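What follows is a short report on a single structure.
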Amino acid sequence: MSTTRRTPRARPETLAKRTEILRAATATFGAKGYARGPLTEIADQVGITHAGILHHFGSKDQLLVEVLKFRDRTDVEGLQDQRMPDGLDRFRHLVRTAFANESRHGIVQAYAVLSAESVTEDHPGRAYFEERYRTLRQDLRDAFEDVCAERGITAPATVDRAAASILAVMDGLQVQWLLARDDVELGEASAFAIEALVAATLDPRPPVLGEPGAAPGDHDAAAGS
């Protein structure tokens, strides 16, 4: 007879309170950063005490990790099996996410602030972001390779650079949008950049700017030859 104990399920009201705390923490960390975002402020927003926050999450560090995971879950809401699609649909999903982010200012701001802070020494979110970017780069490499396999072509050597560039463009545009929402079209600009990077990777053309790293005179000489 098995003596394995089942982990008790959290009650619906507990799950609802945790979600409420995560939304409040997202707003506070997004506005003030992790170090300056006090637990007392988060607790006040949800009508509990500082100790109540710790009861649900154990520590401020763990709350931060759960906030980041909460943000990730919002990216896959509505997807089949709540997982990222494959092939070209992976890139289309990134474009849809960028458009959706235009109505999720708080989540976008929290992510931008916390990801920037994570490069500092001993930040509790550093391991999360290191793993997140590593996983996302691999996911995009896999998507490129899936498309190439479907088309019967060999994946180009630029796949790694393209994967990193897509993530960089998306994150950089989010920062610009947060600073100038009337001037930067987050969805449209992201769609333009992702389309350009995917096209340049799958259907490479001679570089318009010349070979990377070449001196200006070398470009002129190559153009005239």
Side-chain angles (χ1 to χ4, degrees), residues 26-37 64-65 67-76 84-85 88-121 123-144 147 156-205 207-213:
T26 297
T28 295
F29 290 159
K32 298 184 176 181
Y34 169 75
R36 297 177 60 192
L64 171 64
V65 172
V67 163
L68 295 169
K69 291 179 179 178
F70 176 70
R71 186 267 182 195
D72 282 346
R73 289 196 293 273
T74 65
D75 279 353
V76 294
M84 297 290 189
L88 281 179
D89 284 340
R90 175 69 57 88
F91 302 106
R92 295 185 182 111
H93 169 72
L94 295 181
V95 171
R96 288 193 297 270
T97 297
F99 277 99
N101 280 343
E102 292 181 335
S103 62
R104 301 190 300 187
H105 177 272
I107 289 177
V108 173
Q109 179 166 313
Y111 178 84
V113 170
L114 295 172
S115 61
E117 285 186 340
S118 73
V119 303
T120 58
E121 187 175 356
H123 190 278
R126 184 175 185 119
Y128 167 87
F129 280 105
E130 287 176 344
E131 179 60 26
R132 173 179 170 78
Y133 279 117
R134 188 181 302 114
T135 298
L136 289 175
R137 286 193 300 269
Q138 184 60 57
D139 286 346
L140 294 182
R141 284 194 293 266
D142 291 344
F144 274 120
V147 175
T158 53
V159 162
D160 285 351
R161 296 175 216 155
S165 297
I166 288 172
L167 298 176
V169 164
M170 292 190 72
D171 287 355
L173 282 171
Q174 287 180 1
V175 173
Q176 290 189 59
W177 177 74
L178 288 167
L179 294 171
R181 292 169 67 182
D182 291 336
D183 298 331
V184 178
E185 298 175 299
L186 180 59
E188 292 292 350
S190 299
F192 178 86
I194 293 170
E195 172 71 28
L197 285 164
V198 171
T201 305
L202 297 177
D203 185 20
R205 307 292 176 87
V208 175
L209 303 179
E211 292 300 325

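Note that this is a predicted model, so its numbers are computed, not measured.
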Taking atom [atom1] as the centre, does [X] end up with more than 12 heavy-atom neighbours from other residues, nucleotides or ligands that are less than 6.0 angstrom away?
X: E185; atom1: CD; result: no
X: F99; atom1: CZ; result: yes
X: R36; atom1: CZ; result: no
X: E195; atom1: CD; result: no

For a 4.5 angstrom cut-off between non-hydrogen side-chain atoms, does [X] reach [Y]?
X: R137; Y: D160; value: no
X: F91; Y: L197; value: no
X: W177; Y: H105; value: yes
X: Y128; Y: D72; value: yes
X: Q176; Y: L186; value: no
X: L64; Y: H123; value: yes
X: V198; Y: L88; value: yes
X: V184; Y: L179; value: no

To the nearest 0.5 angstrom, please state how far the [atom1] atom of [X] sits from the [atom2] atom of [Y].
X: Y111; Y: T26; atom1: OH; atom2: OG1; answer: 13.5 Å
X: L167; Y: L136; atom1: CG; atom2: CG; answer: 5.5 Å
X: L114; Y: R126; atom1: CG; atom2: CZ; answer: 14.5 Å

- Query: Taking it one step at a time, do D89 and R92 satisfy salt bridge (Lys or Arg N to Asp or Glu O under 4.0 Å)?
  - Reply: CA-CA 5 Å; D89 284 340; R92 295 185 182 111; 2.7 Å; yes

- Item | side-chain contact (heavy atoms from CB on, under 4.5 Å) involving A193 - partner list, sequence neighbours excluded |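 A193 satisfies side-chain contact (heavy atoms from CB on, under 4.5 Å) with V169 once adjacent residues are dropped.
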
- Message: Which residues pass the side-chain contact (heavy atoms from CB on, under 4.5 Å) test with T135, not counting sequence neighbours?
- Response: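 In terms of side-chain contact (heavy atoms from CB on, under 4.5 Å), with neighbours along the sequence ignored, T135 is linked to E131, D139.
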
Which pair of heavy atoms, one from [X] and one from [Y], lies closest together, and at what distance?
X: M170; Y: A98; result: CE-CB, 4.5 Å
X: V113; Y: G30; result: CG2-O, 3.4 Å
X: P124; Y: V65; result: O-CG2, 4.4 Å
X: G33; Y: E117; result: CA-OE2, 3.3 Å
X: G37; Y: T28; result: CA-CG2, 3.7 Å
X: A31; Y: Q109; result: CA-NE2, 3.5 Å

- Message: Using the rule given for side-chain contact (heavy atoms from CB on, under 4.5 Å), can you reason through L202 versus F144, listing the C-alpha separation, both sets of side-chain angles and the distance that settles it, and then say yes or no?
- Response: CA-CA 8 Å; L202 297 177; F144 274 120; 3.9 Å; yes

- Query: Between Y133 and D171, do the side chains contain an N or O donor and an N or O acceptor separated by less than 3.5 Å?
  - Reply: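 Indeed, the side chains of Y133 and D171 share at least one donor-acceptor pair under 3.5 Å.
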
- Task: In sequence, state the C-alpha distance, the side-chain angles, and the governing distance for T120 and Y34, and then conclude on side-chain contact (heavy atoms from CB on, under 4.5 Å).
- Result: CA-CA 12 Å; T120 58; Y34 169 75; over 6 Å; no

